[in-house]
Amino acid sequence: MLHNPPVPLLIPPGPLFWQQAAQTFLRAAREQGWGRQQERDFSAVRVIVPTYQHAHLLLRAMGTVLQGNFIPPRIQTLFALLEMQAPDAALQGNTGGDASERLMGLYAELRQHPWLKKLFGARRNTDLLPLAQTLLTLSDELTAVLLPTVGKDKGKLEKDWQAALAQLPAPAQALLSEETQLVWSVWQSQLDGNDPQVKRYAQLLQIAAQASEPLLWIAPTLPNPLENAFLQAWGKKQSVLQISLDWRAHTLPQPYYHAWPGLHDTGSQHQQALTEYVETSHIRLCRATSLEDEAVQGAQTIINWLQAGKQSVAVVAQDRVVSRRIRALLERAQIMVADETGWKLSTTRAAAAIAAWLEVVTTRADTMALLDFLKSPYLQWKDTDNPEPEQDAIAAKADLVMRIELVLRRANVLGGWESVLAALDGGKDTGPASRWIRSMSRQAGNFTGRRSLSEWSALSLQVFFDLSMFNAFQADPAGAQIIQLLQKLQLACQDLKTPFTFAEWRALMNLQLESTAFVFAHTDKRVVMLPLNGARLRPFDAVLLVGADASHLPSQASEILFFANAVRRECGLETRESRQQQQLRDFAELLLSNTDIVLSWQGSLNGEHNPVSPWLEQLGLTLERTQQGVLDSHPLDLPARTLQASSPHMPTPSAAALLPATLSASAYTSLVVCPYQFFAGRMLGLSALDELSDMPEKRDYGDWLHAILKRYHEELKLAQVTQPGVDKEALLRSISADFFADVLQKSPAALAYSVRWDKVIPAYVAWMQAHEEAGWQFDMGEIKNEKTLEWQGGQIMLKGRIDRIDRNMNGEVAVLDYKTKNLIDLRRRLKEGEDHQLPFYGLLTDLPVSSGNYVALELSQGKAGDVAADDFERWVSELALAIKTSMSSIQKGASLPAHGVEANCQYCEMRGLCRKGAW
C-alpha cells in the first residue's frame with residue numbers, strides 16, 4: 001500500500017509551537033493508529049528533529065499534553081539516522097570521499113592550469129586552495145538540488161544547466177562563461193561515488209526503502225530537494241507527517257506583516273495579516289555608547305535575569321566580538337556560558353602552537369617565531385641529564401627560554417638555525433639550550449621535499465611526539481581535536497598519492513583549523529550562546545541579541561565567486577535574497593517565541609553614528625504609524641561603587657634589602673640620572689629586553705670598532721717586534737676589511753658603517769703615531785675586571801670592561817675609553833661631568849692610574865684624537881667616595897625618588913612605572 005506524504009502541516013511561530021506540534025502528532029497517531037494508544041506506547045513511530053535540544057522540547061510538550069507517563073517515540077536527527085546505517089554494499093569498496101582528500105585532489109588538478117591563477121589573481125599555487133574549497137561547496141549544493149530531480153542522468157543535468165544559464169542576459173553570459181564552465185567541469189568531475197551528497201542521497205533512499213514505521217518530520221524550514229526525495233520515498237512505504245513553521249500572511253501579526261513585506265510566503269490564498277493587536281512590550285532596545293558599554297550592559301542584564309529566577313537565557317551572538325566580551329565578564333562573575341556557536345579551532349592556544357611551529361620551519365628559525373614557539377605551554381622540556389618533577393621542569397623550561405631570549409637579543413640574532421646555534425654555543429651556561437634547539441633544527445629539517453597528505457600527517461604527529469608536545473595536546477580538548485584531525489587525515493588520505501610541498505601542507509592545515517569549529521562542553525546550561533539560526537524552535541526564559549545594528553542584523557554572507565548569486569537564482573540554488581529572507585524569519589520567530597527580549601547595539605562606532613538594524617527601524621515605524629506605541633528602551637542602572645580618591649605623588653621607594661651585589665658604570669650612571677630608575681631597573685631587575693633589529697645601530701658600530709682595535713693593537717704589538725717598519729694603516733685596513741666582510745655577510749645594511757670607519761682610519765693612525773711619540777704604548781685592551789669597594793657595614797663588587805690601558809716609559813698608566821663621537825662632543829662631555837664611565841674604569845683597575853682619556857673615533861675637521869680629564873686621580877677618589885656614600889645610604893633605607901630631568905625622562909624605560917606627568 002502506498003502512503004504518499006501529505007501536504008506539510010504548518011504551525012505559526014510562537015511559544016506554543018511545541019505544544020501544538022505534540023497535539024498534532026497525538027491526533028494523527030490516534031486517527032491513523034500509530035502505536036498502542038491505550039498503553040500510551042509510541043515507540044513504533046520514528047521522529048526526525050533538527051537537533052537533540054528539539055527532541056527534549058517535544059518530549060516535554062507530549063508530557064504536558066498527555067498529563068502522565070508514556071513511552072516516547074524513537075527521536076533522532078537526520079545526521080544520527082545516517083550515522084547508524086551500515087555502508088551501502090555498492091560503496092563499501094570505495095574509501096574515497098573524505099573532505100580533505102576531495103579538496104586536495106581538486107586542488108592538485110587546479111594547480112595544473114596557469115590560466116586559473118591568472119583568472120583569479122593567484123600569485124602562488126596555494127592561493128588556489130580557497131578556490132578549490134569554494135568550488136566543492138558549489139558542487140555539493142548543485143548536487144543536493146539537481147540530483148534528486150533528474151537522478152544520475154548527466155545528459156539531463158547538462159541540459160538543465162545550460163537552460164538555466166540561457167535565462168541570463170547576454171552580457172552576463174559572456175562575462176561568466178569561463179567561471180560557469182569551471183563550475184560545470186568541477187561538478188561533473190565530482191559527481192560520482194566519492195561525492196558526499198551522492199552518498200548521502202543513496203543512503204537516504206536506502207533507509208526509506210526499508211521503512212517499517214510511520215515517520216514524523218519536524219523542521220523549522222521546508223525540506224530541501226534531497227530531503228524531500230527522502231520523504232517521498234518513505235511515503236511510498238509508510239505514513240509521513242510533516243510539521244513546519246507557517247509563514248503565510250494570515251498567520252502573521254499585523255505589525256510584523258506590514259513592517260517586513262518579505263517575511264510571508266507569496267502566492268498563498270490569504271494575503272491579509274491578523275488584525276488583532278500583538279504585544280511588543282517584551283521587546284526592549286539597548287543602545288550602548290561603546291563596545292565595552294554594550295558588553296557590560298549585556299552581562300548585567302543576564303545577571304539580573306538569573307537573580308530573578310530565570311533558568312534558560314540565550315545570548316544570540318550577531319556581534320561575536322561583543323559576545324566574547326560578555327562571556328568573559330560573566331565568567332569573571334562565576335557564570336559559565338555554554339557556547340554552542342563554538343569558535344574557530346584556529347583561535348585556540350593549541351592551534352597557535354601548531355602555527356608557531358610551522359612558522360619556525362618556514363622562516364628557518366626566525367628569532368621572534370622561535371621564541372613564540374618556545375614559550376608555548378604545549379612544548380615540554382626535560383633535562384635528560386637531570387630529570388626533574390613536572391612542576392620543577394616547567395620552572396626550568398621558563399628559565400631556559402629566558403636565557404635563550406637574552407642571548408639572542410644581546411647578540412641581535414634575527415634568525416637562522418646556524419646563527420641561533422652559534423650564539424647559544426658561545427653563551428654562558430647555554431649547553432642545555434643549545435642541545436634543545438639543535439634537536440628542533442633536526443626536526444625542522446624533515447619538513448622538506450614533496451610528500452603525500454598521509455605522509456605529511458604522519459610526519460607532523462611524529463614531530464609533536466619527538467618534541468614532547470603530544471601528551472600536552474592530548475590533555476587539552478582543543479589539542480586533542482587537532483591530533484584527531486591529523487590522525488583522520490593520515491588514514492583517510494592514504495589513497496591520495498599526489499605529492500604536495502610543505503607550503504601546500506601548511507596552507508591545508510591553516511584552512512582546516514580555520515574551518516573547523518571547537519565547542520567546549522559545559523554542564524551549566526542556564527546561559528547559552530548561539531547564532532540566530534541556532535535559536536529556531538527553541539523558546540527561552542529570556543533572550544539577549546547582541547549586535548542589533550545595521551552591519552550585523554542582517555548579517556551579510558561573503559561571496560567569493562562574483563557570479564554565484566546570478567547563477568544560483570537561475571539554477572534554483574539558495575540566493576542572497578533567500579538567505580536574507582530566512583534570516584528575517586529566524587529573527588521574527590525569535591521575537592514571537594520568547595517573552596523577554598533585549599536587543600543591544602553600539603550607537604556609535606569609531607566616532608561615527610552606527611544605525612540600528614533596518615528591520616527594527618521598520619518595525620518601530622509600523623508600530624508608530626498604527627498607534628501601537630513604540631519599542632521600549634532598556635536603560636540599565638549599573639551598580640555603583642564609591643572609590644577612595646588618592647592624589648598621585650612622586651614615588652619614593654626604599655628597599656635596603658634589594659641593594660645589588662654588583663655595580664657597573666652604566667648602573668651607577670642610572671643612579672645619578674634618577675634614583676627611581678636605578679631602583680626599578682637595577683634593584684627590581686625590570687630593565688627592558690634588548691630589541692631585535694634588522695638594521696645595525698650605533699651601539700653595534702661601537703662594539704665592532706672595539707673588536708677591530710683590540711685585534712689591531714695586539715697584532716701590531718707582535719708585528720713591531722719582528723717587523724719594525726710595518727705599515728700601520730695598511731694593517732688596520734686589512735683587519736677592518738676582514739671584520740666587516742663577516743658583518744656584511746650577516747647584515748648588508750652595515751655597509752654605511754664600514755665606509756664611515758674607512759674614512760676615520762688615517763686620522764686614527766695619525767693620532768696613534770703622535771700618541772706613541774709622546775711616550776705611550778698600548779698595553780692591553782678589552783679587560784674584564786672586578787673590584788670590591790667596602791664601607792663600614794657593607795661592600796659592593798664593581799664590574800666592568802676597560803676599553804684600553806696604555807703605559808709610558810716612566811711606568812705611568814693611562815685608562816682610555818673609545819667613543820664614537822668627535823673631539824668637540826667629548827670636550828663638552830668632560831666639562832659638564834655628565835659621564836662617570838672614565839673614572840669608574842680608573843677605579844676598577846688595580847694599577848696606579850695617573851690619567852684618563854676619551855678617544856674620539858669620529859672626525860672633527862678631518863682629525864681624530866683624545867681628550868684628557870683634568871686631575872683624574874682626584875676624580876677617581878671622589879667617585880669612590882660618592883659610590884660608598886650612595887650605597888651606604890641605600891643600605892640604611894634612604895628613599896629613591898623619581899627626580900630625573902625631562903631630557904632623561906623622555907626616553908626612560910621606567911617612565912610607565914614612575915608615572916611622571918601624572919603627579
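In terms of heavy-atom proximity, Ser454 sits nearest to Gln494 at OG-CG, 3.8 Å. Residues Pro225 and Ala144 approach most closely at CB-O, 3.7 Å, considering heavy atoms. In plain terms, the two heavy atoms of Ala535 and Leu530 that are nearest each other are CB-CD1, 4.0 Å. Leu106 approaches Ala132 most closely through the heavy-atom pair CD2-O, 3.6 Å. Nearest approach of Ala44 to Glu213, heavy atoms of both residues: O-CB, 2.9 Å. Of all heavy-atom pairs spanning Pro72 and Leu59, the tightest one is CB-CD2, 3.4 Å.
Taking 4.0 Å as the cut-off between side-chain N and carboxylate O, Glu589 and Arg538 do not count as a salt-bridged pair.
Relative ring orientation between Trp456 and Phe502 is described as tilted, the plane-to-plane angle lying within the 30° to 60° band.
Checking side-chain atoms of Ser555 against main-chain N and O of His552 turns up no donor-acceptor pair under 3.5 Å. Judged purely by atom type and a 3.5 angstrom limit, Asn228 has no side-chain atom pairing as donor or acceptor with the backbone of Asn224. Using modelled atom types, no side-chain atom of Gln242 and backbone atom of Trp217 make a donor-acceptor pair closer than 3.5 Å. For the pair Trp234 (side chain) and Ala229 (backbone), a donor-acceptor distance under 3.5 Å is absent. The closest donor-acceptor contact from the side chain of Glu504 to the backbone of Thr126 lies at 3.5 Å or more, if one exists at all. Checked by atom type and distance alone, the side chain of Ser323 never pairs as donor or acceptor with a backbone atom of Ala317 at under 3.5 Å.
Residues meeting the ring-ring contact (aromatic ring centres under 6.0 Å, His included) test with Phe587, sequence neighbours left out: Trp260, Trp615. Applying the side-chain contact (heavy atoms from CB on, under 4.5 Å) criterion to Ala233, with sequence neighbours excluded, gives Leu205, Ala208. Partners of Pro50 by side-chain contact (heavy atoms from CB on, under 4.5 Å), not counting sequence neighbours, listed by chain and number: His54, Pro220. In this view, Phe25 and Phe42 satisfy the ring-ring contact (aromatic ring centres under 6.0 Å, His included) rule, not counting sequence neighbours. Under the side chain to side chain donor-acceptor pair (under 3.5 Å) criterion, Thr362 pairs with Arg506, not counting sequence neighbours. Under the rule for a ring-ring contact (aromatic ring centres under 6.0 Å, His included), Phe17 has no partner lying at least two apart in sequence or in another chain. Here Gln582 pairs with Thr221, Arg536, Arg585, Asp586 under the side-chain contact (heavy atoms from CB on, under 4.5 Å) rule; sequence neighbours left out. The side-chain contact (heavy atoms from CB on, under 4.5 Å) test applied to Leu81 returns Arg46, Ile48, Gln76, Leu78, Gln85, Ile207, Phe230, not counting sequence neighbours. In terms of the side chain to side chain donor-acceptor pair (under 3.5 Å) criterion, residue partners of Ser43 (sequence neighbours excluded) are, by chain and number, Asp41. A search for side chain to side chain donor-acceptor pair (under 3.5 Å) contacts involving Asn510 returns nothing, not counting sequence neighbours.
Once rounded to the nearest 0.5 Å, the distance linking CD of Glu577 with OG1 of Thr575 reads 4.5 Å. Between His113 atom NE2 and Leu128 atom CG the span is 10.5 Å, to the nearest 0.5 Å. In this structure, Thr77 OG1 and Glu83 CD are separated by 9.0 Å, a value rounded to the nearest 0.5 Å. To the nearest 0.5 Å, the span separating OG on Ser457 from CZ on Arg451 amounts to 11.5 Å. Taking CG of Leu82 as the start and CD of Gln206 as the end, the distance is 10.5 Å to the nearest 0.5 Å. The OG atom of Ser460 sits 10.5 Å away from the CG atom of Leu485 when rounded to the nearest 0.5 Å.
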Apply side-chain contact (heavy atoms from CB on, under 4.5 Å) to the pair Tyr107 and Leu508, showing each step before the final yes or no. CA-CA 10 Å; Tyr107 164 75; Leu508 173 64; over 6 Å; no
Step-by-step side-chain contact (heavy atoms from CB on, under 4.5 Å) determination, Asp339 to Val315: CA-CA 9 Å; Asp339 193 345; Val315 180; over 6 Å; no
Are Leu245 and Leu10 close enough, and set up right, to give a side-chain contact (heavy atoms from CB on, under 4.5 Å), and what steps lead you there? CA-CA 5 Å; Leu245 285 173; Leu10 302 178; over 6 Å; no
Run the side-chain contact (heavy atoms from CB on, under 4.5 Å) check on Gln210 and Lys237 step by step: do they pass? CA-CA 8 Å; Gln210 300 170 357; Lys237 295 287 186 178; over 6 Å; no
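Side-chain contact between Leu57 and Pro539 is present, with heavy atoms from C-beta onward closer than 4.5 Å. The closest side-chain heavy-atom distance from Leu590 to Leu545 is below 4.5 Å. At a threshold of 4.5 Å between non-hydrogen side-chain atoms, the residues Met62 and Pro73 count as touching. Considering only heavy atoms from C-beta on, Tyr378 stays 4.5 Å or farther from Phe464 through its side chain. When side chains are defined from C-beta on, Leu129 does not count as touching Gln133, because their heavy atoms never get closer than 4.5 Å. Between Leu110 and Leu135, the closest side-chain pair of non-hydrogen atoms falls below 4.5 Å. Counting only heavy atoms from C-beta outward, the side chains of Pro196 and Asp140 approach each other to under 4.5 Å. In this structure the side chain of Leu489 reaches within 4.5 angstrom of the side chain of Trp505, judged on heavy atoms.
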May I have the list of side-chain donor-acceptor pairs in residues 511-520 shorter than 3.5 Å, sequence neighbours left out?
residue: Gln512; atom: NE2; partner: Ser100; partner atom: OG; Å: 2.2
residue: Glu514; atom: OE1; partner: Ser346; partner atom: OG; Å: 2.8
residue: Glu514; atom: OE2; partner: Lys344; partner atom: NZ; Å: 2.7
residue: Ser515; atom: OG; partner: Leu511; partner atom: O; Å: 2.8
residue: Ser515; atom: OG; partner: Gln512; partner atom: O; Å: 3.4
residue: Thr516; atom: OG1; partner: Gln512; partner atom: O; Å: 2.6

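Using modelled atom types, one finds no donor on one side chain facing an acceptor on the other under 3.5 Å when comparing Gln238 with Ser212. In the model, Ser239 has a side-chain atom that pairs as donor or acceptor with a side-chain atom of Gln32 under 3.5 Å. Using a 3.5 Å distance cut-off with no hydrogens or angles, the side chains of Arg320 and Thr341 do pair a donor with an acceptor.
In Tyr52, the OH atom is crowded: over 12 heavy atoms of neighbouring residues, nucleotides or ligands sit closer than 6.0 Å. Counted within 6.0 Å of CZ on Arg450, heavy atoms from surrounding residues, nucleotides or ligands total more than 12; the atom is thus considered enclosed. For CZ of Arg74, the number of neighbouring non-hydrogen atoms (other residues, nucleotides, ligands) closer than 6.0 Å is greater than 12.
Listed by first and then second residue, the salt bridge (charged side-chain N to carboxylate O under 4.0 Å, His left out) pairs that reach into residues 471-480 come to none, sequence neighbours excluded.
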